[in-house]
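Contents: one structure, followed by commentary.
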Amino acid sequence: MKTFSLSESAIDAASLGRELEREHVGAVVTFEGRVRDHNEGRAVRGLAYEAYAELAEAEGARILGEARTRFEIARALCVHRVGELALGELAVWVGVSAAHRDAAFAACRYIIDEVKSRVPIWKHERYVGGKAEWLHPWNP
Amino acid sequence: MKTFSLSESAIDAASLGRELEREHVGAVVTFEGRVRDHNEGRAVRGLAYEAYAELAEAEGARILGEARTRFEIARALCVHRVGELALGELAVWVGVSAAHRDAAFAACRYIIDEVKSRVPIWKHERYVGGKAEWLHPWNP
Amino acid sequence: MNYTLLYFASLRDAAGCAQESVVSEARDPGSLYADAAARHGFRMPPERVRVAVNGAFAARDVVLNDGDEIAFLPPVSGG
Amino acid sequence: MNYTLLYFASLRDAAGCAQESVVSEARDPGSLYADAAARHGFRMPPERVRVAVNGAFAARDVVLNDGDEIAFLPPVSGG
(Lines give C-alpha, C1' and ligand atoms only; values in the text may rest on other atoms or scores of the structure.)
Protein backbone atom coordinates (compact mmCIF):
# COMPACT_ATOMS: atom_id res chain seq x y z
CA MET A 1 0.00 0.00 0.00
CA LYS A 2 1.31 3.45 -0.90
CA THR A 3 1.96 5.70 2.08
CA PHE A 4 0.60 8.72 0.23
CA SER A 5 -2.09 8.56 -2.38
CA LEU A 6 -4.57 10.67 -4.28
CA SER A 7 -8.16 9.48 -4.42
CA GLU A 8 -10.87 10.40 -6.90
CA SER A 9 -13.54 8.78 -4.74
CA ALA A 10 -14.62 9.21 -1.10
CA ILE A 11 -11.88 8.47 1.45
CA ASP A 12 -12.70 5.45 3.62
CA ALA A 13 -11.30 6.58 6.98
CA ALA A 14 -12.42 3.43 8.79
CA SER A 15 -10.49 1.06 6.53
CA LEU A 16 -7.43 3.33 6.60
CA GLY A 17 -7.61 3.29 10.38
CA ARG A 18 -7.63 -0.51 10.39
CA GLU A 19 -4.45 -0.46 8.28
CA LEU A 20 -2.69 1.26 11.17
CA GLU A 21 -3.73 -1.18 13.86
CA ARG A 22 -1.08 -3.49 15.18
CA GLU A 23 -0.77 -5.24 18.53
CA HIS A 24 2.51 -3.57 19.34
CA VAL A 25 1.13 -0.12 18.69
CA GLY A 26 0.06 1.96 21.68
CA ALA A 27 -1.03 5.20 20.05
CA VAL A 28 -2.85 6.19 16.88
CA VAL A 29 -3.40 9.84 15.96
CA THR A 30 -5.49 10.78 12.97
CA PHE A 31 -6.22 14.09 11.27
CA GLU A 32 -9.21 14.66 9.02
CA GLY A 33 -9.58 17.79 6.93
CA ARG A 34 -13.15 18.36 5.82
CA VAL A 35 -14.77 20.76 3.40
CA ARG A 36 -16.00 23.72 5.40
CA ASP A 37 -19.11 25.66 4.53
CA HIS A 38 -17.27 28.94 5.12
CA ASN A 39 -13.79 30.21 4.29
CA GLU A 40 -12.59 33.67 5.26
CA GLY A 41 -16.12 34.91 5.71
CA ARG A 42 -17.49 33.60 2.42
CA ALA A 43 -20.21 30.94 2.22
CA VAL A 44 -18.81 27.97 0.29
CA ARG A 45 -21.09 25.93 -1.97
CA GLY A 46 -18.58 23.29 -3.00
CA LEU A 47 -15.03 22.79 -4.10
CA ALA A 48 -12.67 20.83 -6.24
CA TYR A 49 -9.05 19.82 -5.81
CA GLU A 50 -6.68 19.59 -8.77
CA ALA A 51 -3.30 17.91 -8.46
CA TYR A 52 -0.17 17.50 -10.51
CA ALA A 53 -0.62 13.82 -9.81
CA GLU A 54 2.84 12.47 -10.69
CA LEU A 55 4.68 15.03 -8.60
CA ALA A 56 2.08 15.11 -5.81
CA GLU A 57 2.47 11.38 -5.23
CA ALA A 58 6.26 11.60 -5.25
CA GLU A 59 6.35 14.59 -2.90
CA GLY A 60 3.72 13.06 -0.62
CA ALA A 61 5.70 9.83 -0.35
CA ARG A 62 8.82 11.91 0.44
CA ILE A 63 7.01 13.65 3.32
CA LEU A 64 5.82 10.35 4.77
CA GLY A 65 9.39 9.06 4.55
CA GLU A 66 10.66 12.14 6.37
CA ALA A 67 8.11 11.55 9.12
CA ARG A 68 9.33 7.98 9.60
CA THR A 69 12.92 9.25 9.84
CA ARG A 70 12.22 12.12 12.23
CA PHE A 71 9.80 10.41 14.62
CA GLU A 72 9.65 6.99 16.25
CA ILE A 73 6.52 5.81 14.55
CA ALA A 74 5.30 2.44 13.30
CA ARG A 75 3.19 3.42 10.31
CA ALA A 76 1.92 6.56 8.63
CA LEU A 77 -0.60 6.96 5.84
CA CYS A 78 -2.07 9.95 4.02
CA VAL A 79 -4.78 10.15 1.39
CA HIS A 80 -5.83 13.37 -0.36
CA ARG A 81 -8.98 13.74 -2.43
CA VAL A 82 -8.97 15.19 -5.92
CA GLY A 83 -11.94 16.17 -8.07
CA GLU A 84 -15.30 17.55 -6.96
CA LEU A 85 -16.15 17.49 -3.24
CA ALA A 86 -19.37 18.29 -1.43
CA LEU A 87 -19.66 20.22 1.84
CA GLY A 88 -18.57 18.14 4.80
CA GLU A 89 -16.69 15.61 2.70
CA LEU A 90 -13.30 14.38 3.75
CA ALA A 91 -10.59 16.23 1.79
CA VAL A 92 -7.49 14.79 3.46
CA TRP A 93 -6.84 12.04 5.99
CA VAL A 94 -3.60 11.45 7.91
CA GLY A 95 -3.06 8.56 10.31
CA VAL A 96 0.01 7.68 12.36
CA SER A 97 0.63 4.76 14.70
CA ALA A 98 3.45 4.60 17.23
CA ALA A 99 4.42 3.02 20.51
CA HIS A 100 3.99 6.38 22.29
CA ARG A 101 1.71 9.34 21.80
CA ASP A 102 4.40 12.03 21.59
CA ALA A 103 5.71 10.65 18.33
CA ALA A 104 2.24 9.94 16.95
CA PHE A 105 1.03 13.52 17.57
CA ALA A 106 4.23 15.11 16.27
CA ALA A 107 4.38 13.01 13.12
CA CYS A 108 0.70 13.52 12.30
CA ARG A 109 1.10 17.27 12.67
CA TYR A 110 4.29 17.25 10.60
CA ILE A 111 2.65 15.34 7.76
CA ILE A 112 -0.43 17.54 7.42
CA ASP A 113 1.65 20.73 7.66
CA GLU A 114 4.13 19.58 5.01
CA VAL A 115 1.42 18.18 2.73
CA LYS A 116 -0.41 21.49 2.85
CA SER A 117 2.70 23.53 2.11
CA ARG A 118 4.58 21.34 -0.39
CA VAL A 119 2.37 18.93 -2.32
CA PRO A 120 1.15 20.30 -5.67
CA ILE A 121 -2.59 20.25 -5.01
CA TRP A 122 -4.84 23.25 -5.51
CA LYS A 123 -8.24 24.07 -4.09
CA HIS A 124 -10.94 25.65 -6.23
CA GLU A 125 -13.79 27.05 -4.15
CA ARG A 126 -17.27 27.86 -5.43
CA TYR A 127 -19.15 30.39 -3.34
CA VAL A 128 -22.82 30.96 -2.70
CA GLY A 129 -23.79 33.63 -5.25
CA GLY A 130 -21.87 32.13 -8.13
CA LYS A 131 -18.26 33.28 -7.81
CA ALA A 132 -15.43 30.78 -7.81
CA GLU A 133 -11.73 31.07 -7.08
CA TRP A 134 -8.45 29.19 -6.97
CA LEU A 135 -6.76 29.43 -3.59
CA HIS A 136 -3.14 30.41 -4.00
CA PRO A 137 -1.92 31.49 -0.59
CA TRP A 138 1.12 33.67 -1.02
CA ASN A 139 1.97 33.58 2.64
CA PRO A 140 1.16 30.02 3.56
CA MET B 1 -24.36 12.54 24.94
CA LYS B 2 -21.82 12.84 27.75
CA THR B 3 -18.51 14.41 26.71
CA PHE B 4 -16.55 11.95 28.85
CA SER B 5 -17.70 8.45 29.60
CA LEU B 6 -16.49 5.12 30.85
CA SER B 7 -17.36 2.05 28.80
CA GLU B 8 -17.47 -1.57 29.87
CA SER B 9 -17.72 -2.76 26.26
CA ALA B 10 -15.61 -2.18 23.14
CA ILE B 11 -15.30 1.46 22.09
CA ASP B 12 -16.92 2.13 18.71
CA ALA B 13 -14.50 4.67 17.25
CA ALA B 14 -16.37 4.94 13.96
CA SER B 15 -19.63 6.01 15.54
CA LEU B 16 -17.83 8.41 17.88
CA GLY B 17 -16.14 9.93 14.83
CA ARG B 18 -19.51 10.47 13.18
CA GLU B 19 -20.67 12.36 16.28
CA LEU B 20 -17.96 14.93 15.61
CA GLU B 21 -18.82 15.56 11.98
CA ARG B 22 -20.48 18.81 11.15
CA GLU B 23 -20.49 20.79 7.94
CA HIS B 24 -18.88 23.83 9.54
CA VAL B 25 -16.01 21.79 10.90
CA GLY B 26 -12.72 21.85 9.00
CA ALA B 27 -10.52 19.67 11.19
CA VAL B 28 -10.97 16.53 13.24
CA VAL B 29 -8.11 15.10 15.31
CA THR B 30 -8.48 11.78 17.09
CA PHE B 31 -6.27 9.90 19.51
CA GLU B 32 -6.56 6.18 20.13
CA GLY B 33 -4.71 4.48 22.95
CA ARG B 34 -4.44 0.74 22.44
CA VAL B 35 -3.30 -2.13 24.64
CA ARG B 36 0.36 -2.77 23.80
CA ASP B 37 1.91 -6.21 23.89
CA HIS B 38 4.95 -4.80 25.72
CA ASN B 39 5.43 -2.28 28.51
CA GLU B 40 8.84 -1.31 29.82
CA GLY B 41 10.41 -4.42 28.40
CA ARG B 42 7.85 -6.89 29.75
CA ALA B 43 5.60 -8.98 27.51
CA VAL B 44 1.99 -8.13 28.32
CA ARG B 45 -0.67 -10.82 28.16
CA GLY B 46 -3.69 -8.66 28.95
CA LEU B 47 -4.88 -5.91 31.20
CA ALA B 48 -7.78 -4.47 33.09
CA TYR B 49 -8.75 -0.93 33.97
CA GLU B 50 -10.45 -0.07 37.23
CA ALA B 51 -12.07 3.31 37.82
CA TYR B 52 -13.58 5.25 40.67
CA ALA B 53 -16.51 5.72 38.32
CA GLU B 54 -18.34 8.58 40.00
CA LEU B 55 -15.26 10.77 40.33
CA ALA B 56 -13.74 9.67 37.01
CA GLU B 57 -16.81 10.83 35.12
CA ALA B 58 -16.90 14.14 36.97
CA GLU B 59 -13.17 14.80 36.47
CA GLY B 60 -13.32 13.70 32.83
CA ALA B 61 -16.21 16.05 32.13
CA ARG B 62 -14.26 18.84 33.84
CA ILE B 63 -11.25 18.23 31.54
CA LEU B 64 -13.43 18.30 28.43
CA GLY B 65 -14.94 21.56 29.65
CA GLU B 66 -11.46 23.02 30.17
CA ALA B 67 -10.55 22.05 26.60
CA ARG B 68 -13.58 23.89 25.24
CA THR B 69 -12.61 26.98 27.24
CA ARG B 70 -8.92 26.97 26.32
CA PHE B 71 -9.16 26.12 22.62
CA GLU B 72 -11.45 27.20 19.79
CA ILE B 73 -13.06 23.88 19.17
CA ALA B 74 -16.51 22.76 18.09
CA ARG B 75 -16.87 19.44 19.90
CA ALA B 76 -14.75 17.09 21.99
CA LEU B 77 -15.48 13.59 23.19
CA CYS B 78 -13.55 11.05 25.23
CA VAL B 79 -14.37 7.46 26.13
CA HIS B 80 -12.23 5.29 28.42
CA ARG B 81 -12.61 1.55 28.74
CA VAL B 82 -12.91 -0.21 32.08
CA GLY B 83 -12.80 -3.93 32.82
CA GLU B 84 -10.80 -6.63 31.01
CA LEU B 85 -9.11 -5.74 27.71
CA ALA B 86 -7.34 -7.94 25.18
CA LEU B 87 -4.11 -7.03 23.38
CA GLY B 88 -4.68 -4.49 20.65
CA GLU B 89 -8.02 -3.35 22.05
CA LEU B 90 -8.91 0.30 22.24
CA ALA B 91 -8.36 1.57 25.80
CA VAL B 92 -9.11 5.25 25.29
CA TRP B 93 -10.47 7.36 22.44
CA VAL B 94 -10.34 11.15 22.17
CA GLY B 95 -11.84 13.12 19.29
CA VAL B 96 -11.92 16.87 18.72
CA SER B 97 -13.48 18.87 15.91
CA ALA B 98 -12.68 22.49 15.15
CA ALA B 99 -12.65 25.03 12.36
CA HIS B 100 -8.84 24.91 12.25
CA ARG B 101 -6.26 22.23 12.88
CA ASP B 102 -4.15 24.12 15.44
CA ALA B 103 -6.96 24.08 17.97
CA ALA B 104 -7.98 20.51 17.15
CA PHE B 105 -4.45 19.16 17.68
CA ALA B 106 -3.83 21.19 20.84
CA ALA B 107 -7.15 20.26 22.44
CA CYS B 108 -6.81 16.57 21.62
CA ARG B 109 -3.35 16.52 23.16
CA TYR B 110 -4.55 18.45 26.21
CA ILE B 111 -7.42 16.05 26.82
CA ILE B 112 -5.40 12.84 26.66
CA ASP B 113 -2.60 14.31 28.79
CA GLU B 114 -5.00 15.51 31.48
CA VAL B 115 -7.09 12.34 31.42
CA LYS B 116 -3.97 10.26 31.93
CA SER B 117 -2.72 12.38 34.80
CA ARG B 118 -5.93 13.31 36.65
CA VAL B 119 -8.79 10.88 36.09
CA PRO B 120 -9.00 8.12 38.75
CA ILE B 121 -8.47 5.10 36.49
CA TRP B 122 -5.86 2.42 37.17
CA LYS B 123 -4.25 -0.09 34.86
CA HIS B 124 -3.61 -3.65 35.98
CA GLU B 125 -1.22 -5.48 33.66
CA ARG B 126 -0.82 -9.24 33.45
CA TYR B 127 2.52 -10.40 32.08
CA VAL B 128 3.59 -13.45 30.15
CA GLY B 129 4.86 -15.82 32.84
CA GLY B 130 2.06 -15.14 35.29
CA LYS B 131 2.97 -11.99 37.22
CA ALA B 132 0.55 -9.10 37.40
CA GLU B 133 0.87 -5.54 38.63
CA TRP B 134 -1.00 -2.31 39.23
CA LEU B 135 0.64 0.63 37.47
CA HIS B 136 1.05 3.53 39.87
CA PRO B 137 3.49 5.94 38.27
CA TRP B 138 4.96 8.11 40.98
CA ASN B 139 6.43 10.51 38.50
CA PRO B 140 3.69 10.73 35.90
CA MET C 1 -17.44 9.11 64.08
CA ASN C 2 -18.66 6.63 61.43
CA TYR C 3 -16.91 6.66 58.06
CA THR C 4 -16.96 4.60 54.92
CA LEU C 5 -13.53 4.06 53.37
CA LEU C 6 -13.01 3.21 49.68
CA TYR C 7 -9.81 1.59 48.41
CA PHE C 8 -8.73 1.33 44.79
CA ALA C 9 -6.21 -0.65 42.73
CA SER C 10 -3.20 -1.79 44.79
CA LEU C 11 -4.67 -0.35 47.99
CA ARG C 12 -7.78 -2.45 47.44
CA ASP C 13 -5.61 -5.53 46.95
CA ALA C 14 -3.62 -4.73 50.10
CA ALA C 15 -6.73 -4.04 52.17
CA GLY C 16 -8.43 -7.15 50.84
CA CYS C 17 -11.63 -5.18 50.32
CA ALA C 18 -12.94 -2.32 48.20
CA GLN C 19 -14.85 -0.72 51.03
CA GLU C 20 -15.02 -0.81 54.79
CA SER C 21 -16.98 0.90 57.53
CA VAL C 22 -14.95 2.24 60.42
CA VAL C 23 -15.66 3.96 63.69
CA SER C 24 -12.81 6.35 64.42
CA GLU C 25 -11.79 9.38 66.47
CA ALA C 26 -9.89 10.70 63.41
CA ARG C 27 -11.31 13.94 62.00
CA ASP C 28 -9.33 14.19 58.72
CA PRO C 29 -8.47 11.85 55.79
CA GLY C 30 -4.74 11.96 56.54
CA SER C 31 -5.27 10.46 60.00
CA LEU C 32 -7.68 7.86 58.62
CA TYR C 33 -5.09 6.86 56.02
CA ALA C 34 -2.39 6.48 58.67
CA ASP C 35 -4.69 4.21 60.69
CA ALA C 36 -5.67 2.17 57.62
CA ALA C 37 -2.02 1.88 56.52
CA ALA C 38 -1.08 0.46 59.94
CA ARG C 39 -4.09 -1.87 59.97
CA HIS C 40 -3.61 -3.22 56.42
CA GLY C 41 0.13 -2.84 55.94
CA PHE C 42 -0.08 -0.24 53.13
CA ARG C 43 3.39 0.65 51.90
CA MET C 44 2.33 3.53 49.68
CA PRO C 45 3.53 6.82 51.20
CA PRO C 46 0.63 9.11 52.13
CA GLU C 47 1.91 11.95 49.92
CA ARG C 48 1.33 9.69 46.87
CA VAL C 49 -2.29 9.03 47.75
CA ARG C 50 -4.97 11.47 46.65
CA VAL C 51 -8.09 11.77 48.71
CA ALA C 52 -11.71 12.20 47.72
CA VAL C 53 -14.53 12.91 50.15
CA ASN C 54 -18.10 12.12 49.13
CA GLY C 55 -17.05 11.80 45.45
CA ALA C 56 -14.97 14.99 45.13
CA PHE C 57 -11.21 15.52 45.45
CA ALA C 58 -10.33 16.92 48.87
CA ALA C 59 -7.31 17.94 50.92
CA ARG C 60 -5.80 15.43 53.34
CA ASP C 61 -6.49 17.77 56.25
CA VAL C 62 -10.08 18.66 55.48
CA VAL C 63 -12.39 18.33 58.51
CA LEU C 64 -14.66 15.31 58.15
CA ASN C 65 -18.24 14.84 59.22
CA ASP C 66 -19.99 11.82 60.58
CA GLY C 67 -21.08 9.53 57.73
CA ASP C 68 -18.54 10.82 55.18
CA GLU C 69 -17.27 8.49 52.46
CA ILE C 70 -13.50 8.80 52.04
CA ALA C 71 -11.70 7.36 49.01
CA PHE C 72 -7.94 6.71 48.90
CA LEU C 73 -6.58 6.98 45.35
CA PRO C 74 -3.15 5.71 44.36
CA PRO C 75 -1.35 7.44 41.45
CA VAL C 76 -3.54 6.98 38.36
CA SER C 77 -2.58 5.13 35.19
CA GLY C 78 -5.42 5.47 32.71
CA GLY C 79 -4.90 5.93 28.99
CA MET D 1 14.22 23.56 -28.70
CA ASN D 2 10.92 21.77 -28.26
CA TYR D 3 9.25 21.87 -24.86
CA THR D 4 5.99 20.75 -23.35
CA LEU D 5 4.56 23.22 -20.83
CA LEU D 6 2.08 22.23 -18.13
CA TYR D 7 -0.18 24.73 -16.39
CA PHE D 8 -2.13 24.17 -13.19
CA ALA D 9 -4.98 25.82 -11.32
CA SER D 10 -5.28 29.57 -12.05
CA LEU D 11 -2.43 29.43 -14.57
CA ARG D 12 -4.32 26.75 -16.47
CA ASP D 13 -7.42 28.93 -16.47
CA ALA D 14 -5.42 31.94 -17.64
CA ALA D 15 -3.64 29.97 -20.36
CA GLY D 16 -6.89 28.35 -21.49
CA CYS D 17 -5.16 24.97 -21.66
CA ALA D 18 -3.51 22.45 -19.34
CA GLN D 19 -0.64 21.75 -21.69
CA GLU D 20 1.00 23.25 -24.75
CA SER D 21 3.92 22.43 -27.02
CA VAL D 22 6.29 25.28 -27.73
CA VAL D 23 9.36 25.83 -29.85
CA SER D 24 11.59 28.31 -28.07
CA GLU D 25 15.13 29.64 -27.86
CA ALA D 26 14.75 29.81 -24.06
CA ARG D 27 17.08 27.46 -22.17
CA ASP D 28 15.66 27.74 -18.63
CA PRO D 29 12.21 27.58 -16.98
CA GLY D 30 12.37 31.21 -15.85
CA SER D 31 12.66 32.46 -19.43
CA LEU D 32 9.91 30.11 -20.58
CA TYR D 33 7.63 31.43 -17.84
CA ALA D 34 8.31 35.04 -18.84
CA ASP D 35 7.37 34.21 -22.44
CA ALA D 36 4.26 32.31 -21.39
CA ALA D 37 3.24 35.10 -19.00
CA ALA D 38 3.46 37.65 -21.85
CA ARG D 39 1.61 35.37 -24.26
CA HIS D 40 -1.23 34.46 -21.89
CA GLY D 41 -1.36 37.52 -19.67
CA PHE D 42 -0.34 35.72 -16.44
CA ARG D 43 -0.34 38.12 -13.53
CA MET D 44 1.24 35.79 -11.02
CA PRO D 45 4.77 37.02 -10.21
CA PRO D 46 7.44 34.49 -11.24
CA GLU D 47 8.85 34.24 -7.71
CA ARG D 48 5.50 32.76 -6.60
CA VAL D 49 5.58 30.04 -9.23
CA ARG D 50 7.43 26.81 -8.50
CA VAL D 51 8.88 24.88 -11.39
CA ALA D 52 9.07 21.17 -12.07
CA VAL D 53 11.00 19.60 -14.92
CA ASN D 54 10.09 16.10 -16.08
CA GLY D 55 8.09 15.48 -12.93
CA ALA D 56 10.58 16.74 -10.32
CA PHE D 57 10.92 20.12 -8.61
CA ALA D 58 13.67 22.19 -10.26
CA ALA D 59 15.29 25.61 -10.02
CA ARG D 60 14.05 28.37 -12.32
CA ASP D 61 17.50 28.69 -13.88
CA VAL D 62 18.20 25.00 -14.50
CA VAL D 63 19.47 24.34 -18.05
CA LEU D 64 16.81 22.60 -20.12
CA ASN D 65 17.14 19.95 -22.78
CA ASP D 66 15.20 19.44 -25.97
CA GLY D 67 11.96 17.57 -25.24
CA ASP D 68 11.75 18.55 -21.55
CA GLU D 69 8.35 18.85 -19.89
CA ILE D 70 8.16 21.95 -17.73
CA ALA D 71 5.35 22.47 -15.18
CA PHE D 72 4.46 25.85 -13.68
CA LEU D 73 2.98 25.47 -10.20
CA PRO D 74 1.16 28.30 -8.41
CA PRO D 75 1.21 28.35 -4.59
CA VAL D 76 -0.42 25.18 -3.40
CA SER D 77 -3.58 24.92 -1.32
CA GLY D 78 -4.21 21.28 -0.55
CA GLY D 79 -5.51 20.05 2.77
**Asked** Between A/L87 and A/V44, which heavy-atom pair has the shortest distance, and what is it?
**Response** CD2-O, 3.5 Å
**Prompt:** Would you call the rings of B/W134 and B/H124 parallel, tilted or perpendicular, where under 30° means parallel and over 60° means perpendicular?
**Reply:** tilted
**Request:** Report the option among A/A13, A/G95, A/A27, A/A91 that has the most heavy-atom pairs separated by less than 4.5 Å from atoms of chain B.
**Result:** A/A27
**Prompt:** Non-hydrogen atoms of chain A under 4.5 Å away: do they reach the side chain of B/A14, the backbone, both or neither?
**Reply:** neither
**Message:** Counting heavy-atom pairs under 4.5 Å with chain B, which one of A/V92, A/D113, A/N39 comes out on top?
**Reply:** A/D113
**Request:** Return the minimal non-hydrogen interatomic distance between A/A51 and A/I121, and the atom names on each side.
**Result:** CB-CG1, 3.9 Å
**Asked** Given that the side chain runs from C-beta out, which part of A/A99 has a heavy atom under 4.5 Å from chain B: side chain, backbone, both or neither?
**Response** both
**Asked** Roughly how far, to the nearest 0.5 Å, is CG of A/L135 from CH2 of A/W122?
**Response** 13.0 Å
